[in-house]
Amino acid sequence: MSVTETLAPRPVGGPTLPQERRLVTELPGPRSREVLDRKARAVAAGVGHTVPIAAVAAGGGVVVDADGNSLIDLGSGIAVTTAGNANPRVVTAVTEQVARFTHTCFMIAPYESYIAVAEALNRLTPGDHDKRTALFNSGAEAVENAVKIARKHTGRQAVIAFDHAYHGRTNLTMALTAKNMPYKHGFGPFAGEVYRAPMSYPFHDGLTGPESAARAITLIEKQVGAENVAAVIIEPIQGEGGFIVPADGFLNTLVDWCRDNGAVFIADEVQTGFARTGRWFASEHFGIVPDLVVTAKGIADGLPLSGVTGRAEIMDSPHAGGLGGTYGGNPLACVAALAAIESYEADGLLERASEIGAQLTGRLTALQARDPRVGDVRGHGAMIAAEFVDPATGAPDGSLTARVAKACIAAGVIVLTCGTHGNVIRFLPPLTITDDLLAEGLDVLETALVGA
Ligand code: PMP
């Protein structure tokens, strides 16, 4: 039986899909259940899923399943379809490209779209210095390459990552990622010369930015040695770790320290990049200019693409052939990225992210004022989170968070959790969601919290 037969009828995705929450079965419905039963028999158990549906179409602010249920999308496939699922500009660009050529390997026969993406990244990332870019497939692969480049440039080995960090699931990025379960458990040994420093987490540590930076720098200097540090890598706002926004001055102090000590400052903007926070890159909220910026997710609105962009003298340190890969900067992904960037610019999506942020923050802080289990509301633009705690002790309440998220999903609203203690619900809606749909999603969240 072909996939088309199994899942028919399939609506066309994109913004013309009816923008509504519509449940016609419980989740999963019978058709989705059939597909998920096949998943259990065919797909490795380690590849989990959060929402019990088989998706067949998505666009605007909804995801539609095989039974005709339409769910409000507050996750964007983990911050990827920022410019909207099946965005018409992306669809046109990819459709035209796929009929022209699907692959030549950029390292064998280069093509213009890759170069145009590099030019766009050089233009859009913070700082007006001379820049170069290299493209890859996934966020983790780009992080690995940023570390390779920093090591080659400095001739040093040590890499500093932070508490609550998430940088991926490959061997080096598992070492950089902080949380054991589920990302690292049983998968060691991990790559060497990775050291972990304390993060600035204002809701929990109450420290100023410079105080927490001093704490991290002392650890680096005493336990690693400044002259051994190739790179400091950090998410300007941590994603999987709990949407942790560092206190003002934390990142700036680390950037200054890197400059003074010859280390490369790498901003992992895989989750925060591309209009998500209301700016092109979250680094801009803190006024920092990273040496290298790692991008993925929102860069190509769903096609697999990632990049490392940074100072020309650092990026050009590896020898020819030292960077690359068969698929890196695939032509379909590159034209998708160019179309997505056009959409961010022409459709006013940065401003839209800020509006969404104001709506989310307004509703969640009002909820926090009524319900002390909402300990903290934080984030920028369309990257906002609520952290749930036990009001008596302030301890993280992961089980409440899981119950609320489960109830939201059962009611047709896709929300994602995050945080080292699993006690954070994060909101990452596509920037094409309507105000009404976002408000309805938050109504569902409020009801779920009352019942949890
Ligand atoms: N860095 C950050 C900050 C991320 O959020 C992620 C993905 N959640 C990654 C790296 C890894 O990206 P990928 O899953 O594309 O390898």
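Just follow the structure's listing: the first ligand is 1, and inside any ligand the first atom is 1.
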Heteroatom proximity flag, G139 to ligand 1, N/O under 3.5 Å: yes

Of the side chain and backbone of E240, name the one, both, or neither that has a heavy atom under 4.0 Å from an atom of ligand 1. side chain

Heavy-atom pairs closer than 4.0 Å: do any link ligand 1 to the side chain of A140, the backbone, both, or neither? both

Would you say the side-chain atoms of N423 pair up with the backbone N or O of E387, donor to acceptor, closer than 3.5 Å? no

Side chain to side chain, R276 and Q271, heavy atoms closer than 4.5 Å: no

Does the side chain of Y166 reach to within under 4.5 Å of the side chain of Q238, using non-hydrogen atoms? no

Distance under 4.0 Å to a non-hydrogen atom of [X]: what atoms of ligand 1 satisfy this?
X	result
D268	1 (N), 2 (C), 3 (C), 10 (C)
Q271	5 (O), 8 (N)
E235	3 (C)
S138	15 (O), 16 (O)

If only side-chain N and O atoms count, and only distance matters, is there a donor-acceptor pair under 3.5 Å linking N228 with Q157? no

Mark yes when over 12 heavy atoms from residues, nucleotides or ligands other than N261 sit less than 6.0 Å from its CG; otherwise mark no. yes

Note: E240-R426 ion pair, threshold 4.0 Å (strictly below): yes

Using protein heavy atoms only, decide if any is under 4.0 Å from atom 15 (O) of ligand 1. yes

Kindly indicate, with the supporting measurements, whether the criterion salt bridge (charged side-chain N to carboxylate O under 4.0 Å, His left out) is fulfilled by R215 and D205. CA-CA 12 Å; R215 183 176 62 172; D205 63 27; 3.4 Å; yes

Using heavy atoms and a 4.0 Å limit, tell me yes or no: is K297 in contact with ligand 1? yes

